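The model shown is predicted, which means the values in this text are computed figures rather than measured ones. Numbered from 1 within each chain, the chains take letters A, B, ... in sequence-line order.
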Protein chains: 2
Amino acid sequence: MMNVQYSVGQSKPCPVHDFALFATLGDTFSDALKVVPSDSVEYAATDTIYSAGVSAQHIYLLRDGYVKLFKTTASGKDQIIRVVKAGEIFGFDGLVDIRYNHSAMPLKHATVCRIAVDNLDMLGARRPEVERLIMVRCIKELQHADERLLELGAKRSDERLASFLLGWCNAANRWTPLILSRLEIAQLLGLTIETISRLFAQWKREGLLEEKQQAIQILDRHKMKQVADSNV
Amino acid sequence: MMNVQYSVGQSKPCPVHDFALFATLGDTFSDALKVVPSDSVEYAATDTIYSAGVSAQHIYLLRDGYVKLFKTTASGKDQIIRVVKAGEIFGFDGLVDIRYNHSAMPLKHATVCRIAVDNLDMLGARRPEVERLIMVRCIKELQHADERLLELGAKRSDERLASFLLGWCNAANRWTPLILSRLEIAQLLGLTIETISRLFAQWKREGLLEEKQQAIQILDRHKMKQVADSNV
DNA sequence: CGAACAATTGAATAAGGTCAACGGCTGTGG
DNA sequence: CCACAGCCGTTGACCTTATTCAATTGTTCG
């Protein structure tokens, strides 16, 4: 572990049971979790949480910030698979495989709580509940992946960007911090920086979208939805 | 259930435990499964197994043939999410959601065994093992989806087709039946019929690929791999 | 303040899509 | 048994979309 900064000490216990995700399992699980060694780790923008191909020893819960999961082609192009938001879990390849099949890095900054896969055994009888939880999350993620496959495979650049923005700014008519750079948006949508930039410029001109500082606001959500489904 | 033909009777019990996938759970599970109502259903090429948005009541095990899972855009374009092969399970949206989030149809022909989600409860104490099994399958599928996202988002048409063909013809230098039509390959790779056709023609000319009847053979697997990773 | 980096914009190019015509196979009905 | 319709695949010419290349501006950070 090189560029990893522990938030307080080397192994600060992580209050996993505070999180809604794990809270659904009830108190018995929370109690059980207190037995499981877990620690809190903080990452800066340039840190790598884990790399594809590396031994998959931990399962992660994102406490604060955003994390991008991505894969890299043989020719060096990155494709962002998913953007993880606070409260979500990621990196559960270790439950099945020896190695991670993708890489994980923060967007800007991230605080995670991680549990060693080996230590999951300590949960004893509660373990099936964890697996059920992960199964549920996994199916949800699979549905999300299906949707993204549809976007990458069957939609034009403007449709892709529009539906990404709609998903990102889930609050209507409010400023939403855009954590991703143009490059990261491009890598997420399978496009180039320039294409993203041009679409932004066009939509700003048309009064569809506004941007100030690092934040954006969708001015005409209805029209943006039309663009996303190409009902123009 | 309209265009559904039951293989023998209305509810022929399905020997689920014969399948490698479930066999991993051991004999106790096989015994338990005999209690669970499941039936075998046969579909022709034009039948629909289930449609996106429909109530997700069954979980399926493909016994014979191939099944395509796909989503449709608002404008009517289909994107094939995954091609299911014999022995694999699909349609487990019902474990989490009320409705299927994608549609399922056979390629040519399919025989499935299905279990009502409600009846999975009958497995009682053995249920955690089923959930673990599904979790494992689900993670595997997620990894597969990640790979496909990389292909659709970051690769050119020739790279996509080449890596699809390499995956499809896993046996080296042997004739492999190509179950998919040009249209279906196009819908899988996010391309058009014409593009697929042109690449096939080019590779046949170059002696990379051969096609007779409904079968194909990769003549130069090494070179095909180079195309897939654009090491040209 | 200047160096590095991020975003914008324009012009040229390439990749793939669209449109259209044609060939070939299959299955059906006279 | 043949003729023909219908479907699938092929091929060519053209067009659209998005990428690439390049120059410029804006932004952030030491």
For [X] and [N], what is the distance between atoms [atom1] and [atom2] respectively, to the nearest whole Å?
X      : N      : atom1 : atom2 : value
B:F200 : C:dG24 : CZ    : P     : 20 Å
B:D158 : C:dA15 : CG    : P     : 9 Å
B:K108 : D:dC8  : NZ    : P     : 13 Å
B:K155 : D:dT19 : NZ    : P     : 17 Å
B:R156 : C:dG16 : CZ    : C1'   : 12 Å
A:E184 : C:dA7  : CD    : C1'   : 14 Å
B:L180 : D:dG9  : CG    : C1'   : 15 Å
B:E211 : C:dC25 : CD    : C1'   : 14 Å

Touch class at under 4.0 angstrom, heavy-atom based, for A:I196 against every strand present: nothing
Sugar-phosphate, base or nothing in reach of A:S157, heavy atoms under 4.0 Å: sugar-phosphate
Check: D:dG9 base within 3.5 Å donor-acceptor of B:R198 side chain: no
Donor-acceptor pair under 3.5 Å, B:E194 side chain vs C:dC19 base: yes
Between the side chains of [Y] and [X], is the shortest nitrogen-to-carboxylate-oxygen separation below 4.0 Å, so that they form an ion pair?
X      : Y      : answer
A:E88  : A:K85  : no
A:D146 : B:R82  : no
A:R182 : A:E211 : yes
A:R114 : A:D39  : yes

Check whether any side-chain N or O of [X] sits under 4.0 Å from OP1 or OP2 of [N], and answer yes or no.
X      : N      : answer
B:T195 : C:dG17 : yes
B:R182 : D:dT10 : yes
A:S197 : C:dA7  : no

Parallel, tilted or perpendicular: ring planes of A:H102 versus A:Y50, cut at 30 and 60 degrees: tilted
A:T192 side chain, from C-beta outward: closest of C:dC19, D:dG9, D:dT20: D:dT20
Given DNA chain D, 5'-ward residue of the pair A:R160 and A:Q214, judged by closest heavy atom: A:R160
